[in-house]
Amino acid sequence: MLHSSRSGVSRALVAAGILSLGIIGMSSGHAADEKIKVGLMLPATGTFAALGSAISNGFKQYVAENGGKLGGREVEYYTVDDESDPAKATENANKLIKRDKVDVLVGTVHSGVALAMAKVARDNKTLMIVPNAGADELTGPLCAPTLFRTSFTNWQPAYAMGKVAAEKGHKKVVTLTWKYAAGQQSIEGFKEAFEQAGGKVVKDMTLPFPNVEFQPFLTEIAALKPDAVFVFFAGAGAAKFVKDYAAAGLKSSIPLYATGFLTDGTLEAMGDAGKGLLTTLHYADGLDNKKDGAFRLNYAKTYKLQPDVYAVQGYDAAQLYQAGLAAAGGDATKQDVIIKAMESAKIDSPRGAFTLSKAHNPVQDIYLRQAEGTQNKLVSTPIKALADPARGCKM
Ligand code: BEZ
(Lines give C-alpha, C1' and ligand atoms only; values in the text may rest on other atoms or scores of the structure.)
Protein backbone atom coordinates (compact mmCIF):
# COMPACT_ATOMS: atom_id res chain seq x y z
CA MET A 1 0.00 0.00 0.00
CA LEU A 2 2.68 2.32 1.22
CA HIS A 3 4.71 1.49 -1.81
CA SER A 4 1.81 2.11 -4.14
CA SER A 5 0.84 5.34 -2.39
CA ARG A 6 4.48 6.52 -2.65
CA SER A 7 4.57 5.73 -6.28
CA GLY A 8 1.27 7.58 -6.63
CA VAL A 9 2.91 10.61 -5.04
CA SER A 10 5.96 10.39 -7.24
CA ARG A 11 3.78 9.94 -10.31
CA ALA A 12 1.92 13.08 -9.28
CA LEU A 13 5.23 14.89 -8.75
CA VAL A 14 6.55 13.78 -12.11
CA ALA A 15 3.30 14.85 -13.73
CA ALA A 16 3.49 18.21 -11.96
CA GLY A 17 7.10 18.55 -13.08
CA ILE A 18 6.21 17.81 -16.68
CA LEU A 19 3.33 20.24 -16.43
CA SER A 20 5.49 22.98 -14.95
CA LEU A 21 8.20 22.36 -17.55
CA GLY A 22 5.52 22.58 -20.17
CA ILE A 23 4.25 25.80 -18.66
CA ILE A 24 7.77 27.25 -18.51
CA GLY A 25 8.38 26.19 -22.09
CA MET A 26 5.11 27.63 -23.28
CA SER A 27 5.36 30.83 -21.29
CA SER A 28 8.72 31.62 -22.90
CA GLY A 29 7.16 30.55 -26.20
CA HIS A 30 10.15 28.41 -27.05
CA ALA A 31 9.54 24.74 -26.42
CA ALA A 32 12.21 22.74 -28.24
CA ASP A 33 9.75 21.47 -30.83
CA GLU A 34 8.44 24.94 -31.64
CA LYS A 35 9.64 26.47 -34.88
CA ILE A 36 11.80 29.55 -35.14
CA LYS A 37 9.72 32.32 -36.65
CA VAL A 38 11.58 34.29 -39.29
CA GLY A 39 9.89 37.46 -40.58
CA LEU A 40 10.94 38.34 -44.12
CA MET A 41 9.97 41.90 -44.95
CA LEU A 42 11.11 42.40 -48.53
CA PRO A 43 9.82 43.89 -51.80
CA ALA A 44 7.88 41.40 -53.95
CA THR A 45 6.58 44.06 -56.34
CA GLY A 46 7.98 47.25 -57.90
CA THR A 47 11.43 48.18 -59.17
CA PHE A 48 13.23 46.20 -56.40
CA ALA A 49 11.11 43.01 -56.65
CA ALA A 50 13.92 40.87 -58.09
CA LEU A 51 16.25 42.03 -55.29
CA GLY A 52 13.78 40.92 -52.63
CA SER A 53 13.35 37.56 -54.28
CA ALA A 54 17.12 36.96 -54.44
CA ILE A 55 17.51 37.80 -50.73
CA SER A 56 14.73 35.39 -49.81
CA ASN A 57 16.27 32.69 -52.03
CA GLY A 58 19.67 33.15 -50.42
CA PHE A 59 18.30 33.04 -46.87
CA LYS A 60 16.31 29.87 -47.58
CA GLN A 61 19.26 28.25 -49.33
CA TYR A 62 21.39 28.54 -46.20
CA VAL A 63 18.59 27.16 -44.02
CA ALA A 64 18.18 24.21 -46.41
CA GLU A 65 21.94 23.56 -46.37
CA ASN A 66 21.70 23.62 -42.56
CA GLY A 67 19.18 20.77 -42.53
CA GLY A 68 16.14 23.06 -42.71
CA LYS A 69 16.97 24.43 -39.26
CA LEU A 70 18.42 27.42 -37.42
CA GLY A 71 19.87 26.85 -33.96
CA GLY A 72 18.72 23.25 -34.22
CA ARG A 73 15.07 24.22 -34.69
CA GLU A 74 12.86 24.06 -37.75
CA VAL A 75 12.07 27.37 -39.42
CA GLU A 76 8.73 28.92 -40.22
CA TYR A 77 8.63 31.95 -42.54
CA TYR A 78 6.28 34.92 -42.26
CA THR A 79 6.42 37.26 -45.24
CA VAL A 80 5.24 40.75 -46.13
CA ASP A 81 5.65 42.56 -49.46
CA ASP A 82 6.94 45.98 -48.36
CA GLU A 83 6.55 47.39 -51.92
CA SER A 84 9.64 49.55 -51.23
CA ASP A 85 7.17 52.04 -49.79
CA PRO A 86 8.39 53.88 -46.67
CA ALA A 87 4.82 55.10 -45.97
CA LYS A 88 3.69 51.51 -45.34
CA ALA A 89 6.81 50.36 -43.49
CA THR A 90 5.68 50.87 -39.89
CA GLU A 91 2.42 49.02 -40.43
CA ASN A 92 4.16 46.19 -42.29
CA ALA A 93 6.82 45.76 -39.61
CA ASN A 94 4.12 45.74 -36.94
CA LYS A 95 2.32 42.90 -38.76
CA LEU A 96 5.38 40.70 -38.42
CA ILE A 97 6.40 41.77 -34.93
CA LYS A 98 3.07 42.19 -33.14
CA ARG A 99 0.69 39.96 -35.09
CA ASP A 100 3.03 37.12 -36.11
CA LYS A 101 5.43 37.51 -33.16
CA VAL A 102 8.51 36.67 -35.20
CA ASP A 103 11.77 35.85 -33.41
CA VAL A 104 13.83 37.79 -35.93
CA LEU A 105 12.95 40.45 -38.48
CA VAL A 106 14.91 40.21 -41.73
CA GLY A 107 14.65 43.14 -44.15
CA THR A 108 14.78 45.03 -46.34
CA VAL A 109 16.07 46.40 -49.66
CA HIS A 110 15.03 50.09 -49.60
CA SER A 111 16.88 52.38 -47.17
CA GLY A 112 13.82 54.49 -46.32
CA VAL A 113 11.74 51.41 -45.51
CA ALA A 114 14.55 49.92 -43.42
CA LEU A 115 14.86 53.09 -41.33
CA ALA A 116 11.18 52.89 -40.36
CA MET A 117 11.41 49.13 -39.73
CA ALA A 118 14.39 49.59 -37.45
CA LYS A 119 12.43 51.95 -35.23
CA VAL A 120 9.59 49.43 -34.82
CA ALA A 121 12.07 46.60 -34.17
CA ARG A 122 13.97 48.66 -31.62
CA ASP A 123 10.80 49.80 -29.78
CA ASN A 124 9.72 46.14 -29.50
CA LYS A 125 13.22 44.82 -28.67
CA THR A 126 13.06 42.54 -31.70
CA LEU A 127 16.31 41.35 -33.26
CA MET A 128 16.64 42.73 -36.80
CA ILE A 129 19.05 41.75 -39.57
CA VAL A 130 19.32 44.01 -42.62
CA PRO A 131 20.18 41.96 -45.73
CA ASN A 132 20.53 44.94 -48.09
CA ALA A 133 19.40 48.50 -47.27
CA GLY A 134 22.53 50.61 -47.01
CA ALA A 135 21.16 53.56 -44.96
CA ASP A 136 24.28 54.83 -43.20
CA GLU A 137 22.23 55.70 -40.08
CA LEU A 138 21.41 52.04 -39.32
CA THR A 139 24.99 51.40 -38.28
CA GLY A 140 25.62 55.07 -37.51
CA PRO A 141 23.50 57.29 -35.25
CA LEU A 142 20.71 54.67 -35.08
CA CYS A 143 22.99 51.74 -34.26
CA ALA A 144 21.60 49.44 -31.59
CA PRO A 145 22.57 46.17 -29.87
CA THR A 146 19.64 44.37 -31.55
CA LEU A 147 20.32 45.74 -35.06
CA PHE A 148 22.71 43.92 -37.45
CA ARG A 149 23.52 44.19 -41.15
CA THR A 150 25.00 41.64 -43.55
CA SER A 151 25.17 43.94 -46.56
CA PHE A 152 26.97 47.33 -46.66
CA THR A 153 26.55 50.99 -45.86
CA ASN A 154 25.73 53.25 -48.80
CA TRP A 155 29.08 54.90 -48.09
CA GLN A 156 31.23 51.76 -48.53
CA PRO A 157 31.11 50.81 -52.25
CA ALA A 158 30.61 54.45 -53.31
CA TYR A 159 33.71 55.60 -51.42
CA ALA A 160 35.71 52.93 -53.25
CA MET A 161 34.42 54.16 -56.61
CA GLY A 162 35.43 57.74 -55.75
CA LYS A 163 38.98 56.47 -55.25
CA VAL A 164 38.93 54.48 -58.52
CA ALA A 165 37.54 57.40 -60.57
CA ALA A 166 40.25 59.73 -59.21
CA GLU A 167 42.96 57.16 -59.95
CA LYS A 168 41.72 57.00 -63.54
CA GLY A 169 42.59 60.70 -63.83
CA HIS A 170 39.06 62.14 -63.98
CA LYS A 171 38.75 65.66 -62.60
CA LYS A 172 35.16 66.81 -63.25
CA VAL A 173 32.25 64.52 -62.46
CA VAL A 174 28.46 64.91 -62.63
CA THR A 175 26.27 62.69 -60.41
CA LEU A 176 22.72 61.46 -60.87
CA THR A 177 20.51 59.39 -58.57
CA TRP A 178 17.09 58.87 -57.04
CA LYS A 179 16.42 61.42 -54.31
CA TYR A 180 16.37 59.24 -51.21
CA ALA A 181 18.83 58.00 -48.59
CA ALA A 182 20.57 55.32 -50.66
CA GLY A 183 21.14 57.60 -53.63
CA GLN A 184 22.19 60.65 -51.70
CA GLN A 185 24.49 58.78 -49.31
CA SER A 186 26.12 56.97 -52.23
CA ILE A 187 26.85 60.33 -53.85
CA GLU A 188 28.31 61.61 -50.55
CA GLY A 189 30.56 58.54 -50.23
CA PHE A 190 31.78 58.91 -53.82
CA LYS A 191 32.39 62.63 -53.39
CA GLU A 192 34.35 62.14 -50.16
CA ALA A 193 37.00 59.93 -51.77
CA PHE A 194 36.96 61.67 -55.18
CA GLU A 195 37.41 65.17 -53.79
CA GLN A 196 40.00 64.04 -51.19
CA ALA A 197 42.02 62.85 -54.20
CA GLY A 198 41.71 66.21 -55.99
CA GLY A 199 38.60 65.69 -58.16
CA LYS A 200 35.51 67.88 -58.20
CA VAL A 201 31.83 66.97 -58.41
CA VAL A 202 30.54 69.83 -60.54
CA LYS A 203 26.84 69.00 -60.43
CA ASP A 204 24.52 66.71 -58.45
CA MET A 205 21.23 65.82 -60.13
CA THR A 206 18.31 63.85 -58.65
CA LEU A 207 14.87 62.58 -59.57
CA PRO A 208 12.21 61.12 -57.27
CA PHE A 209 12.31 57.37 -56.49
CA PRO A 210 11.43 55.26 -58.50
CA ASN A 211 11.03 57.56 -61.55
CA VAL A 212 12.69 56.50 -64.79
CA GLU A 213 12.21 59.62 -66.92
CA PHE A 214 15.93 60.12 -67.51
CA GLN A 215 15.86 62.12 -70.76
CA PRO A 216 16.18 65.68 -69.36
CA PHE A 217 19.17 64.61 -67.25
CA LEU A 218 20.89 62.96 -70.19
CA THR A 219 20.44 66.14 -72.21
CA GLU A 220 22.02 68.15 -69.39
CA ILE A 221 24.95 65.72 -69.06
CA ALA A 222 25.61 66.05 -72.78
CA ALA A 223 25.66 69.83 -72.42
CA LEU A 224 27.91 69.85 -69.33
CA LYS A 225 30.47 67.48 -70.90
CA PRO A 226 32.00 66.21 -67.61
CA ASP A 227 34.99 63.83 -67.61
CA ALA A 228 32.73 61.13 -66.16
CA VAL A 229 29.32 60.45 -64.60
CA PHE A 230 28.66 58.63 -61.31
CA VAL A 231 25.21 57.23 -60.57
CA PHE A 232 23.30 55.16 -58.02
CA PHE A 233 20.44 53.13 -59.49
CA ALA A 234 19.39 49.53 -58.87
CA GLY A 235 16.91 46.92 -60.05
CA ALA A 236 14.64 47.52 -63.03
CA GLY A 237 15.31 51.29 -62.95
CA ALA A 238 19.04 50.63 -63.36
CA ALA A 239 18.51 48.62 -66.54
CA LYS A 240 16.37 51.38 -68.01
CA PHE A 241 18.95 54.05 -67.12
CA VAL A 242 21.88 52.23 -68.73
CA LYS A 243 19.89 51.60 -71.92
CA ASP A 244 18.84 55.26 -72.08
CA TYR A 245 22.45 56.42 -71.44
CA ALA A 246 23.66 54.34 -74.39
CA ALA A 247 20.74 55.34 -76.63
CA ALA A 248 21.52 59.01 -75.95
CA GLY A 249 24.99 58.40 -77.42
CA LEU A 250 26.75 59.11 -74.11
CA LYS A 251 28.28 55.70 -73.51
CA SER A 252 31.05 56.19 -76.06
CA SER A 253 31.87 59.76 -75.04
CA ILE A 254 31.45 60.09 -71.24
CA PRO A 255 32.52 57.17 -68.99
CA LEU A 256 29.79 55.99 -66.62
CA TYR A 257 30.69 54.74 -63.13
CA ALA A 258 28.49 53.37 -60.38
CA THR A 259 28.28 51.13 -57.38
CA GLY A 260 27.64 47.52 -58.39
CA PHE A 261 23.91 47.78 -57.72
CA LEU A 262 23.66 49.24 -61.22
CA THR A 263 24.72 45.99 -62.86
CA ASP A 264 24.04 43.18 -60.34
CA GLY A 265 21.14 41.10 -61.59
CA THR A 266 20.43 43.56 -64.41
CA LEU A 267 23.00 42.85 -67.14
CA GLU A 268 20.74 40.56 -69.12
CA ALA A 269 18.07 43.25 -69.32
CA MET A 270 20.68 45.85 -70.37
CA GLY A 271 22.04 43.82 -73.28
CA ASP A 272 24.89 45.53 -75.13
CA ALA A 273 24.32 48.81 -73.29
CA GLY A 274 25.82 47.29 -70.14
CA LYS A 275 28.95 45.95 -71.81
CA GLY A 276 32.22 47.05 -70.19
CA LEU A 277 30.68 49.02 -67.31
CA LEU A 278 32.99 49.44 -64.30
CA THR A 279 31.40 49.24 -60.86
CA THR A 280 32.51 48.71 -57.25
CA LEU A 281 30.88 46.27 -54.84
CA HIS A 282 31.53 43.72 -52.09
CA TYR A 283 30.81 40.84 -54.49
CA ALA A 284 31.96 39.91 -57.99
CA ASP A 285 31.88 37.11 -60.51
CA GLY A 286 35.11 35.13 -60.61
CA LEU A 287 36.09 35.31 -56.94
CA ASP A 288 38.56 32.62 -56.16
CA ASN A 289 37.08 31.09 -53.02
CA LYS A 290 35.64 27.64 -52.31
CA LYS A 291 32.60 28.91 -50.46
CA ASP A 292 31.50 30.96 -53.47
CA GLY A 293 31.90 28.01 -55.82
CA ALA A 294 29.68 25.78 -53.68
CA PHE A 295 27.16 28.57 -53.07
CA ARG A 296 26.78 29.35 -56.77
CA LEU A 297 26.44 25.73 -57.75
CA ASN A 298 23.71 25.08 -55.22
CA TYR A 299 21.90 28.34 -56.01
CA ALA A 300 21.87 27.59 -59.75
CA LYS A 301 20.65 24.04 -59.07
CA THR A 302 17.89 25.14 -56.71
CA TYR A 303 16.58 28.27 -58.41
CA LYS A 304 17.71 27.80 -62.03
CA LEU A 305 19.25 31.27 -61.79
CA GLN A 306 22.70 32.76 -61.24
CA PRO A 307 23.07 34.36 -57.79
CA ASP A 308 23.90 38.03 -57.31
CA VAL A 309 24.96 40.21 -54.39
CA TYR A 310 21.43 40.24 -52.96
CA ALA A 311 21.33 36.44 -52.77
CA VAL A 312 24.69 36.50 -50.97
CA GLN A 313 23.47 39.05 -48.42
CA GLY A 314 20.35 36.95 -47.71
CA TYR A 315 22.45 33.80 -47.34
CA ASP A 316 24.74 35.59 -44.89
CA ALA A 317 21.79 36.94 -42.86
CA ALA A 318 20.78 33.32 -42.22
CA GLN A 319 24.39 32.37 -41.41
CA LEU A 320 24.67 35.21 -38.94
CA TYR A 321 21.44 34.31 -37.14
CA GLN A 322 22.51 30.67 -37.04
CA ALA A 323 25.74 31.72 -35.28
CA GLY A 324 23.73 33.54 -32.62
CA LEU A 325 20.96 31.02 -32.18
CA ALA A 326 23.32 28.05 -32.01
CA ALA A 327 25.19 29.72 -29.14
CA ALA A 328 21.85 30.09 -27.32
CA GLY A 329 20.97 26.43 -27.85
CA GLY A 330 18.09 27.43 -30.11
CA ASP A 331 16.44 29.61 -27.47
CA ALA A 332 15.47 32.81 -29.29
CA THR A 333 14.64 34.54 -26.01
CA LYS A 334 18.31 34.50 -24.93
CA GLN A 335 18.96 37.76 -26.73
CA ASP A 336 22.14 38.67 -24.85
CA VAL A 337 23.78 35.37 -25.77
CA ILE A 338 22.63 35.62 -29.39
CA ILE A 339 23.91 39.18 -29.77
CA LYS A 340 27.29 38.35 -28.27
CA ALA A 341 27.76 35.39 -30.61
CA MET A 342 26.66 37.40 -33.64
CA GLU A 343 29.03 40.21 -32.74
CA SER A 344 32.02 37.88 -32.67
CA ALA A 345 31.00 35.69 -35.62
CA LYS A 346 33.31 35.28 -38.60
CA ILE A 347 30.98 34.76 -41.53
CA ASP A 348 32.24 32.40 -44.22
CA SER A 349 30.55 34.37 -47.00
CA PRO A 350 30.61 33.72 -50.76
CA ARG A 351 31.97 37.30 -51.00
CA GLY A 352 34.97 36.25 -48.84
CA ALA A 353 34.99 35.85 -45.05
CA PHE A 354 34.02 38.93 -43.05
CA THR A 355 33.53 40.07 -39.46
CA LEU A 356 31.31 42.82 -38.12
CA SER A 357 32.40 46.24 -36.92
CA LYS A 358 31.45 47.47 -33.44
CA ALA A 359 28.44 49.10 -35.11
CA HIS A 360 27.37 45.66 -36.51
CA ASN A 361 28.22 46.34 -40.18
CA PRO A 362 30.45 44.11 -42.36
CA VAL A 363 34.13 45.00 -42.59
CA GLN A 364 34.76 43.82 -46.12
CA ASP A 365 36.81 43.98 -49.31
CA ILE A 366 35.40 46.15 -52.08
CA TYR A 367 35.98 44.83 -55.59
CA LEU A 368 36.24 46.63 -58.93
CA ARG A 369 34.25 44.69 -61.53
CA GLN A 370 33.75 44.98 -65.27
CA ALA A 371 30.59 43.85 -67.06
CA GLU A 372 31.17 41.07 -69.56
CA GLY A 373 28.12 39.28 -70.95
CA THR A 374 25.88 38.67 -67.94
CA GLN A 375 28.78 38.73 -65.47
CA ASN A 376 30.42 41.41 -63.34
CA LYS A 377 33.96 40.07 -63.64
CA LEU A 378 36.50 40.75 -60.91
CA VAL A 379 39.16 43.25 -62.01
CA SER A 380 40.89 44.19 -58.74
CA THR A 381 40.34 44.97 -55.06
CA PRO A 382 40.73 48.75 -54.68
CA ILE A 383 40.10 48.66 -50.90
CA LYS A 384 40.59 45.71 -48.58
CA ALA A 385 38.73 45.28 -45.27
CA LEU A 386 36.86 48.56 -45.62
CA ALA A 387 35.00 49.53 -42.43
CA ASP A 388 32.29 52.15 -42.53
CA PRO A 389 33.28 55.12 -40.32
CA ALA A 390 30.02 54.55 -38.34
CA ARG A 391 29.73 58.28 -37.66
CA GLY A 392 27.41 58.95 -34.75
CA CYS A 393 27.20 55.34 -33.49
CA LYS A 394 27.45 55.26 -29.71
CA MET A 395 27.66 51.60 -28.76
C1 BEZ B 1 18.87 50.99 -50.64
O2 BEZ B 1 17.79 51.60 -50.73
O3 BEZ B 1 19.57 51.07 -49.62
C4 BEZ B 1 19.36 50.15 -51.79
C5 BEZ B 1 18.46 49.67 -52.71
C6 BEZ B 1 18.92 48.89 -53.75
C7 BEZ B 1 20.25 48.56 -53.85
C8 BEZ B 1 21.14 49.06 -52.93
C9 BEZ B 1 20.70 49.86 -51.89
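What you see below is based on every heavy atom in this structure, not just the backbone, and it leaves out hydrogens, waters and symmetry mates. Counting convention: from 1, in listed order, for ligands and their atoms alike. In this chain, residues are counted from 1 in sequence order.
Contact check on E76 versus K37 returns no salt bridge, with no Lys/Arg side-chain nitrogen under 4.0 Å from an Asp/Glu carboxylate oxygen. We find that K275 and E372 are not joined by a salt bridge, their nearest charged nitrogen and carboxylate oxygen being 4.0 Å or further apart. One finds a salt bridge joining R296 and D292 here, because a Lys/Arg side-chain nitrogen approaches an Asp/Glu carboxylate oxygen to under 4.0 Å.
Counting heavy-atom neighbours within 6.0 Å of E91 CD, excluding the residue itself, gives a total of 12 or less.
Taking every heavy atom of H110 and a limit of under 4.0 angstrom, the matching atoms of ligand 1 come to 2 (O). Interface of A234 with ligand 1, defined as ligand atoms under 4.0 Å from a residue heavy atom, comprises 6 (C), 7 (C). Near N132, meaning under 4.0 Å from any of its heavy atoms, are these atoms of ligand 1: 4 (C), 5 (C), 6 (C), 7 (C), 8 (C), 9 (C). Each of the following atoms of ligand 1 lies closer than 4.0 Å to a heavy atom of A133: 3 (O).
The N/O atoms of S111, backbone and side chain alike, include one that comes under 3.5 Å of an N/O atom in ligand 1. Between F261 and ligand 1, a contact under 3.5 Å exists for no N or O pair. Note: an N/O pair closer than 3.5 Å links Y180 and ligand 1 by distance alone.
Using cut-offs of 30° and 60° for the angle between ring planes, the F190 and F230 rings count as parallel. Ring planes of F209 and H110: perpendicular class, angle over 60° (limits at 30 and 60°).
Atom 1 (C) of ligand 1 has its closest protein heavy atom at V109 O, 3.1 Å.
If you look at F152 next to ligand 1, the close heavy atoms, those under 4.0 Å, all belong to the side chain. Only side-chain heavy atoms of F232 come within less than 4.0 Å of ligand 1; its backbone N, CA, C and O stay farther off.
Put simply, the side chain of I338 reaches to within 4.5 Å of the side chain of L325, judged on heavy atoms.
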